[in-house]
Amino acid sequence: MDINEKQKTAIQHIHGPALVLAGAGSGKTRTVTCRIAHLLQMGVSPREILALTFTNKAAKEMSARIQSLQDTYVLTTTFHSLGAKILRESIHHLGYRSQFTIYDEDDSEKILKRSLEDLDIKQDKAFLKTIRAKISLAKNQLLSPEDPAFSEKQEEFPDPFVRIYTQYQKRLKEANAVDFDDLLFLSVKLLKENASVRSLYQNRWLFLLIDEYQDTNFAQYTLAKILTEKHQNLFAVGDPDQSIYSWRGALVQNILNFQEDFPGASIITLDENYRSTNRILRAANAVIAHNKSRYEKELWSAKGEGEKIGIYLGQNEKKEALFIVEKIEEICLQSHINFADVAILYRTNAQSRALEDVLLQKSFPYTIIGGLSFYQRKEIKDILAYLRLFVSPSDPVAFARTINVPKRGIGAKAVQNLLQESSQRSIPILHLVKQLAFDPPQNLSIKLSQKQRAGLQKYAESFQHLQAHWNKEESIPGIIQEVIKEFSYDAYLQEDPDTYRDRKENVEALVAKASEWQEEATSPSLHAFLEEVSLNASIDRPQESSIKLMTLHNGKGLEFSVVCIIGLEEDILPHASAKPYPSQLEEERRLFYVGMTRAKRFLFLSAAAERYLWGSSKRMTPSRFLLEIPKEYTEEYTPSFGSKTFASTSRAEKDFLFQEGDWVLHQEFGKGMVQKAYHTSYGATYDVYFTEHSIERSLVAKYAKLEPFSSFS
């Protein structure tokens, strides 16, 4: 097998802790499996080796590779499966029976509801979700209900959290059940508290390998620390530059502190990349070098220089999407690349909408990886159903979908009875609802409770308000926003805090679509708009040989000949929620780095000067990450990519030489981007982000002597 010298060093490492810093595309899996094969060849028993991964798929792939090399079985499993194995054998020490049940999320939620009822605590969906998430967070931090640390964490775990957590664990134990987080939480608890059990597992597995070590959370890290406490034979493989899952509890500090946790550890860096060309790698190296929390490494490749990285600025998200799709078509034709080897990456799911519209217009096959097509997402189908019922009051499917969104106490049986009554009376269902709400017929066969009648009345009133708004405005984006307002749809989305942000962005993307469509349509009408989006939603797209659309997070671990990353603007990438926090800003940069290193041959980066965000069209500022790419590795497809394109064209305030989005040059700090222009007692003042130093400074114009930096470079 063809291996390089650094891989060979890692493979031949036997005793003591070792950290393999495996850069993107550096043959990490090959190195891990060959190292296991080497241990077996030296006479180590397969029963003494344990390999841990994060997904069942990765575990199966690694196991298959080991068997192909040595024709033997080595326990290759996920952290949670290992926890289940330990608990099956030893959970009786914690007072459970060995035949315990592992509850899924639905079962866990039911137990939590019962716990809240026990404590006479009122609950709604949002509160339930919040408490469930906090219990998961506590367990991943290895905090038991009786832990005194909760008294110091009141802000993170406010009352009555501890009472709820205590009752929840009591209910689980009574049912002889554990939830998913317990598989690690209870395993660690068992190993910490019982010396004989701890010794049993420490002596069973003498060689522990962990893949993707940068993604471990505190519980996983602690489990690994305990298991290797005696022999110290931990072989950890990972890359802090690809740590992008802090929102799942992953701690990049676990890999950064490896030498402190395991004194005398060997550090082996795999920096030869087998995936990408050198221009892509050097650009990625230049970007990630701006992060402070990392190990230094420079990826390189024997694949040659390769093509320059294409950079494009569109006037808006539609122009951006059109360029990207046309560039993909051109590259695939010229270089004989199949659509299946092309990926378009973005920060948030809502960004797929403009791309999908262009791909559908061109009849190009595409597949959404890790999510639904834009027009198949629940929130989009909900809003469109309201609009369909508005223009077609006889639509039974639209009525059934919307009558309980949000909940109005109209159960399935009541819905069926209402539709049946509508059919028998030969009147549209929406008209029947209005009759029942305001002037119920005498011979009505349906019996409604007071709550149901109140719900129908509010439902009917909202449609009347929609009609009044439409008569006044006849604006398609306006009517969508009115639906959101009248039917309290935003409050409905907020009931699930985990998905709220993504779903809200999707709804805003639908408003943007409506706005674009109304501007461009020859004879715009709500009927025609609904017809187009219905056709888009129903087109049957083949799954094979299709362009892949996905978030940057979903792209990790994949590779493509052609990669396009869109939406490279401040507040999108880096995301607005991350910008105030240095650690989160570094993770956003790592996310971009991960996206860049997915590309094998061609990489295109794009941005829009204007984008529809938060309910209106916004002027955008280019991402600081674009500025961190040296010009010699790029080719600009937009001559006016620099400050004049992005910056506000208005110069009403004559004493401001620069505006937000302008590039400037400072004698000490180098090139930077104006974040804000404002007045202070000293006169015109600028907040400037300086890319070479990754710092932001507030500078008074008359002292700073800023000069214009005329182009993107």
Side-chain angles (χ1 to χ4, degrees), residues 16-24 28 52-54 78-80 82-83 133-134 136-143 147 149 152-153 155-157 181 184-185 187-188 191-192 208-229 232-270 287-297 552-553 556-557 574-575 577-594 597 694:
L19 174 61
V20 179
L21 295 170
K28 172 193 66 174
L52 293 177
T53 68
F54 280 83
T78 65
F79 276 96
H80 287 90
L82 175 66
K134 286 189 177 297
S136 180
L137 177 64
K139 289 184 177 182
N140 285 328
Q141 292 181 9
L142 300 178
L143 295 172
D147 201 307
E152 302 168 10
K153 293 176 173 274
E155 192 171 323
E156 193 173 10
F157 301 102
D181 295 310
L184 295 178
F185 173 66
S187 294
V188 173
L191 293 172
K192 278 185 170 182
L208 177 61
L209 300 95
I210 300 178
D211 192 17
E212 304 288 5
Y213 191 74
Q214 78 279 352
D215 293 337
T216 53
N217 62 23
F218 183 64
Q220 291 158 341
Y221 156 81
T222 305
L223 180 61
K225 196 92 164 60
I226 293 172
L227 288 176
T228 58
E229 196 172 41
Q232 293 286 299
N233 293 330
L234 174 59
F235 189 83
V237 184
D239 182 6
D241 290 340
Q242 296 185 74
S243 179
I244 58 173
Y245 296 123
S246 65
W247 47 279
R248 290 184 190 168
L251 298 172
V252 70
Q253 290 78 15
N254 290 345
I255 192 168
L256 294 175
N257 296 338
F258 192 86
Q259 287 175 296
E260 294 175 26
D261 293 332
F262 300 93
S266 298
I267 306 293
I268 305 158
T269 302
L270 305 184
V287 169
I288 202 64
H290 286 78
N291 274 4
K292 294 175 182 175
S293 301
R294 64 186 298 263
Y295 287 96
E296 289 291 333
K297 69 174 182 301
L552 285 154
H553 284 100
K556 188 172 182 293
H575 198 275
S577 62
K579 287 171 66 176
Y581 310 101
S583 63
Q584 292 183 27
L585 189 58
E586 289 208 350
E587 182 157 330
E588 292 289 295
R589 186 177 280 109
R590 293 196 293 266
L591 189 58
F592 180 47
Y593 172 82
V594 166
T597 54
S694 296

What residues, two or more places apart in sequence or in another chain, satisfy salt bridge (Lys or Arg N to Asp or Glu O under 4.0 Å) together with [X]?
X      : answer
Glu296 : Arg294
Lys192 : none
Glu229 : none
Asp211 : Lys28

Min side-chain heavy-atom separation [X]-[Y] under 4.5 Å:
X      : Y      : answer
Arg248 : Asn217 : no
Val237 : Leu270 : no
Leu143 : Lys153 : yes
Asn291 : Asp241 : no
Ile244 : Tyr593 : no

Using 30° and 60° as the class limits, which term best fits the ring planes of Trp247 and His553: parallel, tilted or perpendicular? perpendicular
Check for a donor-acceptor pair, side chain of [X] on one end and backbone N or O of [Y] on the other, with a separation under 3.5 Å.
X      : Y      : answer
Asn233 : Gly16  : yes
Lys134 : Glu156 : yes
Gln242 : Val594 : no
Glu152 : Ala149 : no

Side chain to side chain donor-acceptor pair (under 3.5 Å) partners for [X], two or more places apart:
X      : value
Thr222 : none
Thr216 : Asn254
Gln253 : none
Lys579 : Glu570, Asp571

Minimum-distance pair of heavy atoms, taken over all atoms of [X] and [Y]:
X      : Y      : result
Gly238 : Ile255 : C-CD1, 3.7 Å
Leu19  : Tyr295 : CD2-OH, 3.8 Å
Pro263 : Pro17  : O-CG, 4.3 Å
Leu256 : Ser293 : CD1-CB, 3.7 Å
Ala219 : Leu142 : CB-CD2, 3.7 Å
Leu585 : Pro574 : CD1-CB, 3.5 Å

Please round to the nearest 0.5 Å and tell me the distance separating atom [atom1] of [X] and atom [atom2] of [Y].
X      : Y      : atom1 : atom2 : result
Leu251 : Gln141 : CG    : CD    : 8.5 Å
Phe235 : Leu209 : CZ    : CG    : 6.5 Å
Gln220 : Leu82  : CD    : CG    : 10.5 Å
Asp181 : Asn140 : CG    : CG    : 5.0 Å
Thr597 : Asp239 : OG1   : CG    : 8.5 Å

In chain order, what residues pass the ring-ring contact (aromatic ring centres under 6.0 Å, His included) check against [X], with sequence neighbours excluded?
X      : result
Phe262 : Phe258
His80  : Phe180
Phe592 : Phe625

Side chain to side chain donor-acceptor pair (under 3.5 Å): which pairs involve residues 256-267, sequence neighbours left out? Tyr221-Asp261
Gln584 vs Glu586, side-chain hydrogen bond (donor to acceptor under 3.5 Å, both in side chains): CA-CA, chis, key distance, verdict: CA-CA 5 Å; Gln584 292 183 27; Glu586 289 208 350; over 6 Å; no
Determine whether Glu587 and Arg590 satisfy the following criterion, salt bridge (Lys or Arg N to Asp or Glu O under 4.0 Å), listing intermediate values before the conclusion. CA-CA 5 Å; Glu587 182 157 330; Arg590 293 196 293 266; 3.5 Å; yes
